[in-house]
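Here is the structure we will look at, set down as structure tokens.
As a basis for the values below, the full set of heavy atoms in this structure was taken, side chains included, without hydrogen atoms, waters or symmetry mates. Here the structure is a predicted model, which means the values were calculated and not measured. The chains referred to below are lettered A, B, ... by the order of the sequence lines, with proteins before strands, and numbering in each begins at 1.
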Amino acid sequence: MIEITLPDGKTVEYPKGSTPLDVARGISEGLARNVISARFNNRKVEASTPLETDGKLILYTWSDEEGKKAFWHSSSHVLAQALEELYPGIKLTIGPAIDSGFYYDVDFGEHTLSEKDFLAIEKKALEIARGKHDFRMREVSKKDALGYYEKEGNPYKVELIENLEDGDITFCDHDTFTDLCRGGHIPNTGLIKAFKVLSVAGAYWRGDENRPQLTRVYGISFPKQKELTEYLEMLEEAKKRDHRKLGKELELFTFSQKVGQGLPLWLPKGAALRERLEQFLKKAQKKAGYEMVVTPHIGQKELYVTSGHYAKYGEDSFQPIHTPREDEEFLLKPMNCPHHCEIYRATPFSYRELPKRYAEFGTVYRYEQSGELHGLTRVRGFTQDDAHIFCTHDQVESEFMNVIDLTLYVLGSLGFDKFTAQVSIRDPENPDKYIGDTANWEKAEAAIINAATEKGLDFVIEPGEAAFYGPKLDFMIKDALGRQWQLGTIQVDYTLPERFDLTYKGSDNELHRPVMIHRAPFGSMERFVALLLEHTGGNFPLWLTPQQAIVLPVSEKHEKYAQKVLNSLENHEIRALLDARSETVGRKIREAEMGKYPFMIIVGDQEQADGTISVRRHGGEDLGSITVEALSGLVNAEINSTLKSF
RNA sequence: GCCGACGUAGCUCAGGGGUAGAGCGUUUCCUUGGUAAGGAAGAGGUCACGGGUUCAAUUCCCGUCGUUGGCUCCA
């Protein structure tokens, strides 16, 4: 007998060789029907894996993340079998589960897969699924495993196996299909009731652009047809929150082929929104001791040679601008920091004057690869809410924490309560990617981790994600489709002060090297507005929205009173406008709803006689007839509840 | 940059080898209206651009540009 400990701490005894499924059956028939995967002594096992020792067992169903992963991973096997049957001779590579669904990377040889082929693949996959084939794991020696794939002529699998230890290699069989596999499957293919191929994309083998490009087939599957339908509906809903669509509808920004790809044009409403965001941050920054500076959009090439940006990015960036007579070389500025370093250098500082905090809404230009451009989230010209803090070594940690506070304040004021904090450090395998000496890197990495820990941030550490000059703390936010984007960023930098020979006079009357902190709570205005749009669906917080109210006179004879109401609203500092068109109230309300105005103010005979306004909230709530003063009270209360002072 | 898809009126989209359609918007006129579309008439398109095939191309083929889903990249 073996002793199995369940997650609730209860222990049960089973004969040696019993499976997780047996244990589930012991708990309830219902659980046994739903259990699709398990973890034993913290190792992923199949529901059918015989358990040979005492240990801790966790059973997973579709409602667990692990269960879903097992479900989707198993589905990728089914996808692979379907593809092999439809396109004999293809070479399979890897096929993992992802956050939503799974993919399989396949070398199709000459064949190009396109959307037209999806239906046939889905049909075949469901046919396989309906066969209720068991997934069976078996151990294979390295020699046999290599032999199997060499015979198949599949260099990808051979390469994978070569990197595995003998004795640690398993294959998974189901039906007529065999795949190299680490495990983590559902009991049989029959659980897959709904199967959809979502898209195809190119993907480089092992993520290396110098290696062959494979075809990645994305799919998703579910235990119930209804769940697939719901998932597809969810995708449709997410599309409605796409910032590119909302930006167009709300007339915030546009692009022009003539101006150039990746170069956003801000329309009046979008510019007003940006302006408001900038004012909001400027106010907080002023309190936090920042000083605004202004620098030009171009800088001598030499400036970036000094900073190290030219060596790192010069080749694949916008090329230098040459002046006609003297052949000077200028670059569009890709970063504000070199300029700010020169501002720091303009004045000699004593340690008593540090930290210096220079802030600028600085527009920068970067040559992003054309395939990378995406709405406002990835552009070639954008404005950073940039600042550089020059401080002593002793001040780094407290300054860093101050910046975390500011960033959290910014995110909180805008309703971003879900974010990931990511500490990006060096890639230990690739030291050549970075400049600066190791001791400083270690110091900087430690300072960031300390500050983040001190501030109680729940963060993940990502090796290899650091900037080339220093480690950073990034605040990542997901868009409507769940793709993660970096917004706020804080970076410690010991290198640029060195390169620009920045100094301050210490208490010992000697010159010392300051440390620099780069930071941008929004990240860029463009990306921030994009994510804000996707999060709010265009319904911005009241303090930020370009127009808080719209006055809708019932008929033309109420226009005069409406104008009076508008003036009164403006006197109460409510941003409002008047819709005096010769349209029915019904239409004006409909359009105001679609325009996402928070308050609709309807004025007709009644209101004119009483000196009141009739207020409808966006979404339909009727606040009845009230005075402008009362509305002003409501507006202020709501603003004060979301927008705390810093 | 690479792989796939897409590009028809201001917007959303239908169509298809014989030089184009809808809804919304816009313009004009009528209507003066009470909480999500009042009515009528009109204007508006080198079917992204450039080649090729064809008697004929917006439609088929190739290329370019742009957009897009991914990959790589992201100071």
Watson-Crick or G-U wobble partner of B/rC11, both distances under 3.5 Å: B/rG23
message: Less than 4.5 Å apart, side chain to side chain, heavy atoms only: is that true for A/Leu634 and A/Arg617?
response: no
- prompt: For the side chain of A/Arg616, counting heavy atoms from C-beta on, which of B/rU35, B/rG33, B/rA37 is nearest?
  reply: B/rU35
- prompt: Reckon A/Lys245 touches a base, only the sugar-phosphate, or nothing at all at heavy-atom distances under 4.0 Å?
  reply: nothing
- prompt: Between A/Arg378 and B/rC73, does any side-chain N or O lie under 4.0 Å from OP1 or OP2?
  reply: no
statement: As its Watson-Crick or G-U partner within any shown strand, both distances under 3.5 Å, B/rA40 has B/rU28
- request: Give the nucleotide from the list B/rU32, B/rA75, B/rA36 with an atom nearest to the side chain of A/Lys472.
  value: B/rA75
message: Does the structure show a Watson-Crick or G-U wobble partner for B/rC74, both distances under 3.5 Å? Name it, or say none.
response: none
message: Counting only side-chain nitrogens and oxygens, does A/Lys588 get under 4.0 Å of the OP1 or OP2 atom of B/rA37?
response: no
- request: Tell me which of A/Met594 and A/Val554 sits closer to the 5' end of RNA chain B, going by the nucleotide each one is nearest to.
  value: A/Val554
- request: Sort out the partner of B/rC55 for me: Watson-Crick or G-U wobble, both distances under 3.5 Å, none otherwise.
  value: B/rG18
message: Rounding to an integer number of Å, can you tell me how far A/Arg587 CZ sits from B/rG34 P?
response: 15 Å
task: Please work out if A/Gly604 contacts a base, only the sugar-phosphate, or nothing of the nucleic acid, heavy-atom cut-off 4.0 Å.
output: base
- request: Looking only at side-chain atoms of A/Tyr218, point me to the closest of B/rC71, B/rG33, B/rU35.
  value: B/rC71
message: Does B/rC3 have its OP1 or OP2 closer than 4.0 Å to a side-chain nitrogen or oxygen of A/Gln213?
response: no
field: salt bridge (Lys or Arg N to Asp or Glu O under 4.0 Å) between A/Arg616 and A/Glu593, worked out
entry: CA-CA 10 Å; A/Arg616 175 193 163 109; A/Glu593 282 289 345; 2.9 Å; yes
message: Using OP1 and OP2 only, check whether a side-chain N or O of A/Tyr313 sits under 4.0 Å from B/rA75.
response: yes
- prompt: What is the nucleic acid contact for A/Tyr103, judged by heavy atoms within less than 4.0 Å: base, sugar-phosphate only, or nothing?
  reply: nothing
- request: Calculate, to the nearest 0.5 Å, the distance between atoms CG and CZ belonging to A/Leu487 and A/Phe475 respectively.
  value: 10.5 Å
- prompt: Taking the side chain of A/Lys248 as its heavy atoms from C-beta onward, which of B/rU12, B/rA75, B/rU32 lies nearest to it?
  reply: B/rU12
- request: For A/Gly207, answer base if it contacts any base atom (sugar-phosphate contacts may also be present), sugar-phosphate if it contacts only those atoms, and nothing otherwise; contact means non-hydrogen atoms under 4.0 Å.
  value: sugar-phosphate
task: Side chain of A/Gln369 only, please: which of B/rC73, B/rG34, B/rU31 is the nearest?
output: B/rC73
- prompt: Counting only Watson-Crick or G-U wobble pairs whose two distances fall under 3.5 Å, which nucleotide matches B/rG34?
  reply: none
field: Side chain of A/Val200 - closest among B/rG4, B/rC2, B/rG33
entry: B/rG4
query: Does B/rG66 have a Watson-Crick or wobble partner in any strand here, with both distances under 3.5 angstrom, and which is it?
result: B/rC6
message: Classify A/Ser614 by what it touches in the nucleic acid, base, sugar-phosphate, or nothing, heavy-atom distance under 4.0 Å.
response: base
- request: Please report, rounded to the nearest Å, how far the P atom of B/rG69 is from the CG atom of A/Asp479.
  value: 9 Å
- prompt: So does A/Arg366 get a side-chain nitrogen or oxygen closer than 4.0 Å to the phosphate oxygens (OP1/OP2) of B/rC73?
  reply: no
- prompt: Which comes earlier along RNA chain B counting from the 5' end, the contact point of A/Arg483 or that of A/Gln384, where each point is its nearest nucleotide?
  reply: A/Arg483
task: State whether A/Gln261 places a side-chain N or O below 4.0 Å from either non-bridging phosphate oxygen (OP1 or OP2) of B/rU67.
output: yes
- prompt: Are the side chain of A/Thr407 and the backbone N or O of A/Val403 linked by a donor-acceptor pair below 3.5 Å?
  reply: yes
Any A/Arg216 side-chain nitrogen or oxygen under 4.0 Å from OP1 or OP2 of B/rG4: no
message: Just to be sure I understand the rule, does A/Asp605 reach a base, reach only the sugar-phosphate, or reach nothing, if contact means heavy atoms closer than 4.0 Å?
response: base
Residues A/Gln606 and A/Ser625: side-chain donor-acceptor under 3.5 angstrom: no
- prompt: Counting only Watson-Crick or G-U wobble pairs whose two distances fall under 3.5 Å, which nucleotide matches B/rG45?
  reply: none
- prompt: Has A/His374 got a side-chain N or O lying under 4.0 Å from the OP1 or OP2 atom of B/rG69?
  reply: yes
message: Hydrogens and angles aside, do A/Asp493 and A/His518 bring a side-chain donor and acceptor to less than 3.5 Å of each other?
response: yes
task: Could you check which of B/rG1, B/rU68, B/rG38 has an atom nearest any side-chain atom of A/Glu583?
output: B/rG38
field: Nucleotide nearest A/Thr584 when distance is taken to its side chain, options B/rA5, B/rG38, B/rA75
entry: B/rG38
query: Just how far, in rounded Å, is C1' of B/rU31 from CD of A/Glu556?
result: 10 Å
